[in-house]
S.K.: 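Please read through the structure below; I'll follow up with questions.
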Amino acid sequence: MKLYNTLTRKIEEIKPLKPPTVTVYTCGPTVYDYPHIGNWFTFIRYDLLIRGLKASGYDPKWVMNITDVGHLTSDADEGEDKLEKGAKREGKTAWEIAQFYTDYFLKGLERLNISKPAYLPKATDHIQEQIELIGKLERKGYTYVIDDGVYYDTSKFPKYADFAKLDLDDQQAGARVEQNPQKRNPTDFALWKFSPKDKKRDMEWDSPWGKGFPGWHLECSAMSMKYLGETLDIHSGGIDHIPVHHTNEIAQSEAATGKRFANCWMHTNHITVDDQKISKSLGNSVTLEDIEAKGYSLEAFRLHVLESHYRSQSKFSWDSLAAAQNRLKDFYAIAVLRYQASSRAASINAEMLSKVRAEIEAALSGDLNTPQILASLGAIVAVAKDGLQAQDRTVFEDFLKWLDEILGLNLLKQPDISDQQKQLIKEREVARAKNDWAKSDELRDQLAKQGIGLRDTGSSAIWHRL
RNA sequence: GGCGCCUUGGCGGAGUAGCUACGCAGCGGUCUGCAAAACCGCGUACACGGGUGCAAAUCCCGUAGGUGCCUCCA
């Protein structure tokens, strides 16, 4: 399977250290508020990677962290901890906030049919590992202590600017953030932040350097190494993380181990709404609840995500979501043909299914080209009008199962119609045979009210959900 | 100010040199008892200006516009 690697800026074949296992670490959510659709786009795209690896014969071992402490309102170690800020907003403790939004997030993964990671470690459960990592860096001379925390000296890591191709001198010229003047370099970042002297934090721990909490970047290094070893096969995350978070992860991890931190970096692009980025301040964040409230299914949302490539900055709009929902209805209409296999002449057959399958496999292993996958599926949509022959039913169901494993659109979960509904269809066939059009149309209307549409073919009617 | 990325038909969105992407919506027509179903056809899409090539949406240069990061972000 080929994937675009940010490290080399090229599309490359995946080369796991211990195939068929592929270790994958993903930067998960900071659980301080409801995720918006932009966040969910990203998690669906991560899921696609996992599903793609499985379909390519690999055995992905996936770890996604839950950031429940230490993520400040600025990556430059300024401002408040997001969890503490969320706590203040809602009049709860940071622990309560973390629990609530973690639960909400995990439920969202299920609702969106996102694969379950093997581990979902929380930063607060790994304070000891993080302290040990700081100790390791301290012994190697990468750290220094100033009044508000323990910092990583980025000038000690010569390759610091390479990953994001940063131009450190020019970048600083326009920096707008006020920094602690005791920092040796503007890019230095906190490994451990001391608790403020004037107030009590909800979340704080003792450490060899003083009471406080871990810096945000540290958790990913500590937890990925604990669960997946010192070198990852794939590290995925949002494109925004390249210049700071991932750059810092590489610096601290490779300084600590002396080994390559991740062999492949997969970055998902952001989406826009009304051609603008999503942000709470612009008031354009949409939630899963908003989508459902407008009558769209989460499967339609998922399909909408798959309609663009994970590396492109794609657009979300309600029109596009409506288009995806319409397209999904066609897919479901085809999926339920498995309940309607008959002796009629049909175009869906083993040969064309295997041809389409080969096309989809090629698109999937070519940097997860989901728009191409959907285009290939169009070949089946185009011939589905003829229905399915009984002899092809098994191979067709296998195909749907395989497709569900890749796309997660719940094709096999589309239920059969009820016996009563089947009876109505039979009665209508009888009426039609007698040229009793009034009766026939009445039965068709009755089924339509139950959400069942009919398409008359030469021999009999094929049903689908409206 | 610095560093990137992008600009494809009404909308969404693949495609990195030569062959209708695809989807949604629209228009015209055909068939069927009728049909919102099906089928056929239509719009001559690649920001603009140069350049390289037998050939460019696809490579190079420039212009315009947009956008991302450096501030919270997935």
Side-chain angles (χ1 to χ4, degrees), chain A residues 9 26-30 32-33 35-46 71-76 78-80 82 85 161 164-178 186-187 236-245 267-272 275-281 285 303-304 306-331 333 363 369-379 381-382 384-386 432 435-438 440-441 444-445 448 453-458 461-464 466:
Chain A
R9 315 273 159 153
T26 297
C27 289
T30 301
Y32 68 106
D33 205 344
H36 54 62
I37 43 164
N39 302 116
W40 290 122
F41 253 76
T42 304
F43 291 111
I44 289 171
R45 286 165 163 178
Y46 296 151
H71 196 165
L72 304 184
T73 52
S74 159
D75 284 351
E78 307 300 319
E80 279 183 279
K82 290 181 172 191
K85 195 178 175 187
K165 301 195 189 299
L166 301 175
D167 184 338
L168 298 177
D169 295 336
D170 284 337
Q171 188 173 315
Q172 298 318 319
R176 280 173 279 169
V177 186
E178 286 187 30
T187 46
S236 68
I239 194 172
D240 53 303
H241 286 146
I242 296 172
V244 180
H245 184 51
H267 286 103
T268 55
N269 210 324
H270 288 184
I271 61 161
T272 57
D275 290 325
Q276 285 185 299
K277 66 173 177 174
I278 301 174
S279 79
K280 295 216 160 67
S281 56
S285 36
L303 179 58
H304 178 36
L306 299 177
E307 281 181 325
S308 62
H309 192 265
Y310 78 91
R311 281 194 288 120
S312 71
Q313 182 179 294
S314 41
K315 304 170 187 175
F316 173 85
S317 71
W318 294 107
D319 285 349
S320 296
L321 187 56
Q325 182 127 310
N326 283 341
R327 190 181 204 177
L328 186 63
K329 273 184 197 163
D330 277 350
F331 289 167
N369 192 338
T370 48
Q372 183 57 55
I373 290 174
L374 297 174
S376 297
L377 271 182
V381 177
K385 64 183 189 319
D386 298 330
R432 290 188 77 222
N435 289 1
D436 184 353
W437 309 122
S440 163
D441 290 353
R444 183 166 65 192
D445 288 347
L454 294 177
R455 207 175 74 226
D456 289 324
T457 68
I462 293 177
W463 62 266
H464 61 276
L466 297 170

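Sequence lines set the chain letters: A, B, ... in the order given, protein chains first and strands last, and positions in each chain run from 1.
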S.K.: Consider the side chain of A/Q313, meaning its heavy atoms from C-beta on, and name the nucleotide among B/G12, B/A35, B/U67 that approaches it most closely.
M.R.: B/U67
S.K.: What does A/T30 touch in the nucleic acid at a heavy-atom separation under 4.0 angstrom: a base, only the sugar-phosphate, or nothing?
M.R.: nothing
S.K.: Working to the nearest 0.5 angstrom, can you tell me the gap between A/H309 NE2 and A/T370 OG1?
M.R.: 6.5 Å
S.K.: Could you give the distance separating B/C60 and B/U52 at their C1' atoms, to the nearest angstrom?
M.R.: 7 Å
S.K.: Expressed as a whole number of Å, how far does the C1' atom of B/G13 sit from that of B/G49?
M.R.: 27 Å
S.K.: Of all the nucleotides listed (B/C34, B/G13, B/A74), which has the minimum atom distance to the side chain of A/D441?
M.R.: B/C34
S.K.: Take A/W463 and A/R455, measure what side chain to side chain contact (heavy atoms under 4.5 Å, CB included) needs, and give me the verdict at the end.
M.R.: CA-CA 6 Å; A/W463 62 266; A/R455 207 175 74 226; over 6 Å; no
S.K.: Given side chains that start at C-beta, do those of A/S314 and A/F41 come closer than 4.5 Å, heavy atoms only?
M.R.: yes
S.K.: Any carboxylate oxygen within less than 4.0 angstrom of a Lys/Arg side-chain nitrogen, looking at A/D330 and A/R327?
M.R.: no
S.K.: Which heavy atom of A/S440 sits nearest a heavy atom of A/R432, and at what distance?
M.R.: OG-CG, 3.4 Å
S.K.: Where does RNA chain B pair, written as one dot-bracket string 5' to 3', with Watson-Crick or G-U pairs under 3.5 Å, ( ) inside the strand, [ ] for crossing pairs and | for another strand?
M.R.: (((((((..(((.....[...))).(((((.......)))))....(((((..]....))))))))))))....
S.K.: Checking contacts here: which listed nucleotide (B/A14, B/C34, B/A74) is nearest the side-chain heavy atoms of A/T42?
M.R.: B/A74
S.K.: Between protein and nucleotides 24-27 of chain B, what N or O pairs are separated by less than 3.5 Å?
M.R.:
unit_1: B/C24; atom_1: OP1; unit_2: A/D330; atom_2: OD2; d: 3.3
unit_1: B/C24; atom_1: O3'; unit_2: A/N326; atom_2: ND2; d: 3.2
unit_1: B/A25; atom_1: OP1; unit_2: A/N326; atom_2: ND2; d: 3.3

S.K.: Within the structure provided, determine whether A/F316 and A/H304 are in side-chain contact (heavy-atom separation under 4.5 Å).
M.R.: yes
S.K.: Rounding to the closest angstrom, what is the interatomic distance between B/G4 and B/U44 at atom C1'?
M.R.: 36 Å
S.K.: Whole Å only: how far is the CG atom of A/D445 from the P atom of B/A35?
M.R.: 14 Å
S.K.: Answer with base, sugar-phosphate or nothing: what part of the nucleic acid does A/G378 contact at a heavy-atom distance below 4.0 Å?
M.R.: nothing
S.K.: Let me spell it out: for each of A/F41 and A/H304, pick the nucleotide of RNA chain B with the closest heavy atom. Which residue's pick is nearer the 5' end?
M.R.: A/H304
S.K.: Assign each of A/G238 and A/S376 to its nearest nucleotide of RNA chain B by heavy atoms, then name whichever residue's nucleotide is nearer the 5' end.
M.R.: A/S376
S.K.: Got a donor-acceptor pair under 3.5 Å from the side chain of A/N269 to the base of B/C5?
M.R.: no
S.K.: Heavy atoms, side chains only, cut-off 4.5 Å: are A/S312 and A/N269 in contact?
M.R.: no
S.K.: Specify the separation, in whole Å, of atom NE2 of A/H267 and atom C1' of B/C5.
M.R.: 15 Å
S.K.: What is the distance, to the nearest angstrom, from the CG atom on A/L306 to the C1' atom on B/A14?
M.R.: 14 Å
S.K.: Using whole Å, report how far CG of A/N39 lies from C1' of B/A74.
M.R.: 5 Å
S.K.: What's the CZ-P distance between A/R455 and B/C34, to the nearest Å?
M.R.: 18 Å
S.K.: Measuring from atom OG1 of A/T268 to atom CZ of A/F43, what distance do you get when rounded to the nearest 0.5 angstrom?
M.R.: 9.0 Å
S.K.: To the nearest Å, give me how far apart CD (A/Q372) and P (B/A14) are.
M.R.: 11 Å
S.K.: Show your working on side chain to side chain contact (heavy atoms under 4.5 Å, CB included) between A/D441 and A/R444 and close with a plain yes or no.
M.R.: CA-CA 5 Å; A/D441 290 353; A/R444 183 166 65 192; 3.6 Å; yes
S.K.: Are A/H309 and B/G13 stacked, counting the six-membered base ring, centres under 5.5 Å, planes under 30°?
M.R.: no
S.K.: Would you measure the distance from the P atom in B/U30 across to the matching atom in B/A21 and give it in whole Å?
M.R.: 28 Å
S.K.: Rounded to whole Å, please give me the gap between CG in A/D240 and C1' in B/C3.
M.R.: 16 Å
S.K.: Could you measure between the two P atoms, the one in B/U32 and the one in B/A57, and give it in whole Å?
M.R.: 44 Å
S.K.: Scan A/I271 against the nucleic acid and name what it touches under 4.0 Å (heavy atoms): base, sugar-phosphate only, or nothing.
M.R.: base
S.K.: For A/A379, report the nucleic acid contact type (base, sugar-phosphate, nothing); a contact means any heavy atom under 4.0 Å.
M.R.: nothing
S.K.: Check whether any side-chain nitrogen or oxygen of A/S308 sits under 4.0 Å from OP1 or OP2 of B/G12, and answer yes or no.
M.R.: no
S.K.: Can you check the A/I239 CD1 to B/C70 P distance for me, whole Å?
M.R.: 12 Å
S.K.: Is there a side-chain contact between A/N39 and A/H36 in this structure, where contact means two heavy atoms from C-beta onward sitting under 4.5 Å apart?
M.R.: yes
S.K.: Check A/K315, A/Q313, A/R45 against A/S308 for a side chain to side chain donor-acceptor pair (under 3.5 Å) and give me the one that passes.
M.R.: A/R45
S.K.: Between B/A21, B/C70, B/G33, which nucleotide gets closest to the side-chain atoms of A/W437?
M.R.: B/G33
S.K.: When the C1' atoms of B/C48 and B/C42 are compared, how many Å lie between them, rounded to an integer?
M.R.: 29 Å
S.K.: Examine the base of B/A74 for any acceptor or donor lying under 3.5 Å from a partner atom in the side chain of A/R45, and report the outcome as yes or no.
M.R.: no
S.K.: Provide the distance between the two P atoms, one in B/G15 and one in B/G41, to the nearest whole Å.
M.R.: 27 Å
S.K.: Pick the C1' atom in B/C3 and in B/A14, then give their distance to the nearest Å.
M.R.: 28 Å
S.K.: If you compare all heavy atoms of A/A461 against all heavy atoms of A/L454, which two are closest, and at what distance to 0.1 Å?
M.R.: CB-CD2, 4.3 Å
S.K.: Which way is the base of B/G28 turned, syn or anti, if we draw the line at 90° from 0?
M.R.: anti
S.K.: At less than 3.5 Å, do the side-chain atoms of A/R311 and the base atoms of B/C6 form a donor-acceptor pair?
M.R.: no
S.K.: Choosing from B/A14, B/G33, B/A74, which nucleotide comes nearest the side chain of A/N369?
M.R.: B/A14
S.K.: For A/S440, answer base if it contacts any base atom (sugar-phosphate contacts may also be present), sugar-phosphate if it contacts only those atoms, and nothing otherwise; contact means non-hydrogen atoms under 4.0 Å.
M.R.: base
